[in-house]
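In what follows, a single structure is set out as structure tokens and then discussed.
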Amino acid sequence: MSKKYILEMFPYPSGNIHMGHVRNYVIGDICARYHKLKGDTVIHPMGWDAFGLPAENAAIQFNTHPQDWTFSNIQNMKSQLKKLDLDLDWERELATCKENYYQYQQELFIDLYKAGLAYKKDALVNWDPEDQTVLANEQVIDGKGWRTGAIVEQKVLSQWFFKITNYAEELLNDLDKLTLWPEKVKTMQKNWIGKSIGAEIKFQIVGKEDHLNVFTTRPDTIYGATFIAISVNHKLVSKFLKPNDIEKIKNSFSKIVDDKEKQGFLLDFNCKHPILDKEIPVYVANFVLDNYGEGAIFGCPAHDERDYEFAMKYELPIIKVIQCTDSDLPYTQDGIVINSPLVNGLTKSEAINKIVDYFEEEEIGKKSINYKLRDWGVSRQRYWGCPIPVIYYEDGSFRVLEKSELPVLLPYDVNLKGKGNALLNHEKWRKIICPKTNKIAFRETDTFDTFVDSSWYYIRFLDNKLDKPFSIEKVNEYLPVDKYIGGIEHAILHLLYSRFFMKALRDIYKLKINEPFNQLFTQGMITHKTYKTQNGEWVMPKEIIFKDGKIIRDNTKELVEEGPSEKMSKSKKNVIEPDEILENYGIDATRFFMISDSPPDRELEWTDEGIQSSKNLVRRIERYFYVKKTSLKKDTEQVVERFIYNIEKNILNFSLNKCIADIYTLFNYLEKEKIYLNDSKISKKILVCLYPFVPKMSLKISNTLFKSNNTTNWPFINETLLLETHINLPIQVHGKLVTTIETKKGYLEKDILKSIYQIDKIKSKIHDRKVIKVINVQDKIINIITS
RNA sequence: GCGCCAGUGGCGGAAUGGUAGACGCGCUGGUCUUAGGAACCAGUGGGCAACCGUGGGGGUUCGAGUCCCUCCUGGCGCACCA
């Protein structure tokens with residue numbers, strides 16, 4: 001007996017479950033039920049990702065409160081989930097917006113802070129000046145606030161960060177250990193972490209005390225450096241340029257339409273080339289990223305496309321330092337180094353090593369590793385989130401609260417219709433007397449990014465009522481999650497943050513767990529045909545009728561055009577409501593259809609024919625079991641054993657569509673051979689196998705036939721019955737199939753060849769040629785080669 | 001532009017390098033009727049046939065949907081990452 005922690009990504013309580021949830025949870029439920037039948041200790045919890053912006057928006061729109069709205073949605077969605085016959089551990093339920101969840105998150109924050117993994121720094125945010133609030137990137141549309149339409153400003157705010165970059169290397173390396181994750185997700189995370197190995201090089205500014213550092217992956221091209229380019233946000237820019245001039249540069253940059261077009265402003269100082277006795281100009285350039293590397297680069301136009309483009313525009317010298325022809329410029333591939341006295345004749349990697357060694361000796365540079373991954377900003381200027389347990393004094397200093405001072409509860413009485421963060425405006429909640437210093441203090445009014453909530457919920461599930469975040473023993477016993485099932489849209493952020501959390505908590509609490517999710521399965525989305533009227537109005541599928549080969553909107557008689565199948569979305573009105581489907585087709589057919597028509601990791605197109613044929617299958621199976629018993633054929637047991645074997649194999653592979661094929665194959669056989677099993681032992685076995693897929697129907701039939709339910713063990717497979725004794729042996733001539741013969745397994749080659757040569761088809765194929773070779777793959781195939 | 005994945009009947013999809021198209025949908029013909037969102041039977045890659053068929057072209061192999069090279073098409077991700 002082993003433990004199986006099977007988890008589906010918990011939903012945001014938006015109000016109603018949608019078909020995507022149904023598919024997600026049915027897939028997980030089939031796994032969970034299978035493992036229970038196998039006798040495993042199964043953990044299969046469900047909860048609510050309950051903080052977040054939609055609740056605040058809904059509260060304003062419907063004149064309610066985020067908490068009331070959220071709780072009522074949870075209640076509704078829970079009742080919807082119960083209709084799906086999901087075998088969930090409801091006693092483990094949690095909602096991240098409840099005190100007994102988020103107060104422990106506040107504890108974890110304190111631990112992270114003490115471990116040096118949480119810190120404060122100034123950072124740019126999207127600021128909506130009209131609403132006086134911060135917007136998420138996806139709420140900024142064409143540079144304007146999604147709700148107000150006001151032009152969004154970049155504003156510097158002091159924000160809390162988690163030091164995920166401390167774990168960049170481990171997060172990257174451990175991807176290789178996640179053998180049961182989709183390659184695609186691992187690739188995306190790898191790119192997101194974005195490790196590059198290179199060098200940091202110091203450029204002295206001529207005539208000044210200052211220097212600047214650049215990061216490069218191509219130190220071998222240092223002799224070809226003909227300019228320096230820095231970001232407009234580089235600290236030297238604000239040091240040497242007047243605010244007015246900086247503003248002008250920024251304006252000029254923002255006016256560029258083609259965002260790839262290069263623009264630069266020459267500064268009135270030069271840098272000294274680190275090796276050559278020459279000076280090179282310094283530009284402020286729009287294509288230099290200020291948040292990557294040092295926010296500064298050296299330009300080597302001969303061997304970098306961007307630098308080349310820039311050099312052409314500003315007529316800067318182009319010096320070849322890698323062997324190539326002029327027509328190849330910019331030449332960015334590997335090659336032999338030239339025009340570089342220290343490293344001439346070397347290959348790229350040899351030259352890199354030698355140059356870096358030289359820099360280190362001369363103390364003008366060093367080997368350096370850079371990551372695209374940035375620290376995780378977790379502050380949100382929002383009411384409906386977990387309060388960050390920090391207070392500020394009037395002198396600007398702050399104190400992270402002690403665990404004994406927790407929880408910091410969200411106040412219920414807030415005004416969400418005012419401008420800005422409701423917590424900031426809640427003077428009574430905000431202003432306190434610090435119990436330690438007796439000084440006036442103000443609470444942190446930012447709340448956590450909701451990705452913090454979802455970074456450890458799978459841990460809290462193990463003991464959702466404990467008076468601390470988690471029990472170390474249970475974490476070590478039940479983690480990692482064995483199968484984690486959810487959408488590909490969480491490939492990066494949620495999964496990376498969770499991996500970071502697991503590792504950080506491991507280090508703080510000395511846990512034995514390195515990774516939170518052993519196997520990740522990303523299910524495909526559900527699509528549906530789209531329908532549009534002539535004037536471009538979307539039409540719901542249930543509004544249309546088919547008449548005389550045309551599609552018509554029933555109530556208005558407008559002509560409707562059918563569009564491609566797309567992800568179900570409210571805006572395109574191609575949504576199918578789970579409640580209606582359950583009403584019309586029942587839970588068993590719905591569950592069958594969720595896995596019928598495509599492999600679970602691919603998209604599933606919703607069709608009326610699809611759900612209907614699932615319904616027909618349900619009825620067919622039910623009908624079958626109630627027919628009066630007949631006797632078995634000699635291969636019946638073998639067929640059933642093979643069915644059990646295949647179902648099991650296909651559940652374990654997540655090839656659930658093949659399970660449906662197995663079910664059809666079995667019943668096709670039984671009905672064609674007129675074998676009816678009724679209340680036989682074999683029926684019992686089959687019903688157990690059906691149970692993970694259609695528990696309601698399986699139980700109903702079991703109760704009728706056996707007066708008992710069938711939550712018994714998964715059938716033991718008699719492996720000897722799986723073995724075939726007779727086979728259909730394909731016979732090829734020159735690798736082409738000519739015929740098949742029925743034979744016993746373990747035939748002797750020379751015996752079987754005798755009879756093969758008697759077959760007319762074979763005779764005519766071989767004709768008068770000589771057989772020069774026979775390939776006998778025992779019990780598989782025979783291939784005859786002639787001259 | 002870079003990276004990843006995929007291309008198989010009318011459609012969704014099956015095939016540890018060994019009988020391509022399992023299974024389903026749809027379609028065709030038939031049966032039955034307590035007319036149902038049924039059910040049952042037969043058929044269904046193309047071609048009259050020999051044969052031809054897994055996006056195109058090469059290659060490896062006794063044998064390729066599967067492995068290698070190359071091109072085309074589609075989807076997803078990243079996108080000035082120095």
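Since we're looking at a predicted model, the values are computed, not measured. Residue numbers start from 1 in every chain, and the chains themselves are labelled A, B, ... in the order their sequence lines are given, proteins ahead of strands. All values below were derived from every heavy atom in this structure, side-chain atoms included, with hydrogens, water molecules and symmetry-related copies excluded.
Candidate nucleotides G37(B), A82(B), C25(B) were compared by shortest atom distance to the side chain of Q612(A), and G37(B) ranks first. Taking every side-chain heavy atom of A661(A) into account, A22(B) is the closest of A22(B), U19(B), G36(B). When distances are taken from the side chain of K672(A) to each of A42(B), C62(B), C23(B), the shortest belongs to A42(B). The listed nucleotides are C80(B), A82(B), G18(B); the one nearest the side chain of N286(A) is C80(B). Among the nucleotides G77(B), C40(B), G24(B), the one closest to the side chain of M188(A) is G77(B). Looking at the side chain of V288(A), the nearest of the listed nucleotides G36(B), G18(B), A82(B) is A82(B). Taking every side-chain heavy atom of Y664(A) into account, G24(B) is the closest of A38(B), C62(B), G24(B). Closest to the side chain of I785(A), out of C62(B), C23(B), G18(B), is C62(B). In the set G37(B), C62(B), A82(B), C62(B) carries the atom at the smallest distance from any side-chain atom of K773(A). When distances are taken from the side chain of L289(A) to each of G13(B), G36(B), A82(B), the shortest belongs to A82(B).
Looking at heavy atoms from C-beta onward, V288(A) lies out of side-chain contact with H234(A) at the 4.5 angstrom threshold. Two residues are said to be in side-chain contact when any heavy atoms from C-beta on lie closer than 4.5 Å; F265(A) and S252(A) meet this criterion. In this structure the side chain of Y223(A) never reaches within 4.5 angstrom of the side chain of V337(A), judged on heavy atoms. The shortest side-chain heavy-atom distance between H734(A) and I785(A) falls under the 4.5 Å cut-off. Residues F592(A) and I621(A) form a side-chain contact, since some pair of their non-hydrogen atoms from C-beta on lies under 4.5 Å apart. No side-chain heavy atom of K348(A) sits under 4.5 Å from any side-chain heavy atom of Q333(A).
Side-chain atoms of Q732(A) and base atoms of G18(B) include a donor and an acceptor less than 3.5 Å apart. For K780(A) and U19(B), a side-chain-to-base donor-acceptor distance below 3.5 Å is absent, hydrogens and geometry of angles not being considered. No N or O donor and acceptor, one from the side chain of K184(A) and one from the base of C76(B), sit under 3.5 Å apart.
OP1 or OP2 of C52(B) lies within a sub-4.0 Å distance of a side-chain N or O belonging to K736(A). Regarding contacts with the backbone of C25(B), every side-chain N or O of K615(A) stays at 4.0 angstrom or more from both OP1 and OP2. The phosphate of A14(B) (OP1 or OP2) has a side-chain N or O of N657(A) nearer than 4.0 angstrom. At the phosphate of A79(B), neither OP1 nor OP2 sits under 4.0 Å from any side-chain N or O atom of N191(A). In this model, the phosphate group of A82(B) is approached by a side-chain N or O of S196(A) to a distance below 4.0 Å at OP1 or OP2. For Y292(A), a side-chain nitrogen or oxygen approaches OP1 or OP2 of A82(B) to under 4.0 Å. Within the structure, a side-chain polar atom (N or O) of R602(A) is placed less than 4.0 Å from OP1 or OP2 of A14(B).
Taking the ring axis of F310(A) as reference, the NZ or CZ atom of K262(A) does not stay both within 45° of it and closer than 6.0 Å to the ring centre.
Each of G293(A) and R623(A) was assigned the nucleotide of RNA chain B with the nearest heavy atom; the assignment lying further toward the 5' end belongs to R623(A). Toward the 5′ end of RNA chain B lies the nearest nucleotide of R620(A), the other residue of the pair K262(A) and R620(A) mapping further downstream.
Taking the P atoms as reference points, U60(B) lies 47 Å from C27(B), given to the whole Å. U8(B) and G56(B) have their C1' atoms separated by 15 Å, with the value rounded to a whole Å. Nucleotides G12(B) and C41(B) place their C1' atoms 25 Å apart, quoted to the nearest Å. The separation of A20(B) from A6(B), taken at their P atoms, amounts to 23 Å, rounded to a whole angstrom. Taking the C1' atoms as reference points, G9(B) lies 24 Å from G17(B), given to the whole Å. U19(B) and A64(B) are spaced 12 Å apart, taking the P atom of each and rounding to whole Å. Using C1' as the reference atom, C4(B) and U16(B) are 25 Å apart when rounded to the nearest Å. Atom P of C23(B) sits at a distance of 15 Å from the matching atom of C40(B), rounded to the whole Å.
Following rounding to the nearest Å, K372(A) (NZ) and A82(B) (P) show an atom-to-atom distance of 8 Å. Straight-line distance from the CZ atom of F593(A) to the P atom of C23(B): 20 Å, rounded to whole Å. Here A82(B) presents its P atom at 16 Å from CZ of F227(A), a figure rounded to the nearest Å. Between the CG atom of N291(A) and the C1' atom of A82(B) there is a distance of 13 Å, rounded to whole Å. With rounding to whole Å, F310(A) atom CZ is found 19 Å from A82(B) atom P. Between L656(A) atom CG and A22(B) atom P there is a gap of 21 Å when expressed in whole angstrom units. Here A6(B) presents its C1' atom at 14 Å from CD1 of I488(A), a figure rounded to the nearest Å. Taking atom CG of residue L737(A) and atom P of nucleotide G65(B), one finds them 13 Å apart after rounding to whole Å.
Counting any heavy atom pair closer than 4.0 Å across all strands shown, N584(A) reaches a base atom. If you check every strand for non-hydrogen atoms under 4.0 Å, F287(A) touches a base. Within 4.0 Å (heavy atoms only), T739(A) reaches no atom of the nucleic acid at all. Residue contacts shown for N668(A) are limited to sugar-phosphate atoms, with no base heavy atom under 4.0 Å away. When heavy atoms are screened at a 4.0 angstrom cut-off, Y585(A) is found touching base atoms of the nucleic acid. Contacts of N783(A) with the nucleic acid, taken as non-hydrogen atoms under 4.0 Å apart, include base atoms. Looking at heavy-atom distances under 4.0 Å, T740(A) makes contact with a base.
Aromatic ring pairs are classed by plane angle as parallel below 30°, tilted from 30° to 60° and perpendicular above 60°; the pair F227(A) and Y283(A) is perpendicular.
Counting non-hydrogen atoms of other residues, nucleotides and ligands closer than 6.0 Å to NZ of K313(A) gives a total above 12.
Nucleotide G9(B) is shown with a syn base, its glycosidic torsion being within 90° of 0.
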Contacts table for residues 647-663 of chain A: side-chain donor-acceptor under 3.5 angstrom, sequence neighbours left out:
{"residue": "E648(A)", "atom": "OE1", "partner": "W714(A)", "partner atom": "NE1", "Å": "3.1"}
{"residue": "E648(A)", "atom": "OE2", "partner": "Y34(A)", "partner atom": "OH", "Å": "2.6"}
{"residue": "E648(A)", "atom": "OE2", "partner": "K38(A)", "partner atom": "NZ", "Å": "2.6"}
{"residue": "N650(A)", "atom": "ND2", "partner": "N646(A)", "partner atom": "O", "Å": "3.1"}
{"residue": "N650(A)", "atom": "ND2", "partner": "D662(A)", "partner atom": "OD2", "Å": "2.8"}
{"residue": "N653(A)", "atom": "ND2", "partner": "K649(A)", "partner atom": "O", "Å": "3.4"}

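At a threshold of 4.0 Å, the pair K186(A)-E183(A) counts as salt-bridged, since one of the basic side-chain nitrogens sits closer than that to a carboxylate oxygen. Classification of E605(A) and K529(A) as a salt-bridged pair holds, one side-chain N sitting under 4.0 Å from a carboxylate O.
Consecutive pairing runs in RNA chain B reach the stem threshold at B:1-7 with B:72-78, B:10-12 with B:23-25, B:26-31 with B:39-44, B:55-59 with B:67-71, where a stem means at least three Watson-Crick or G-U wobble pairs with distances under 3.5 Å.
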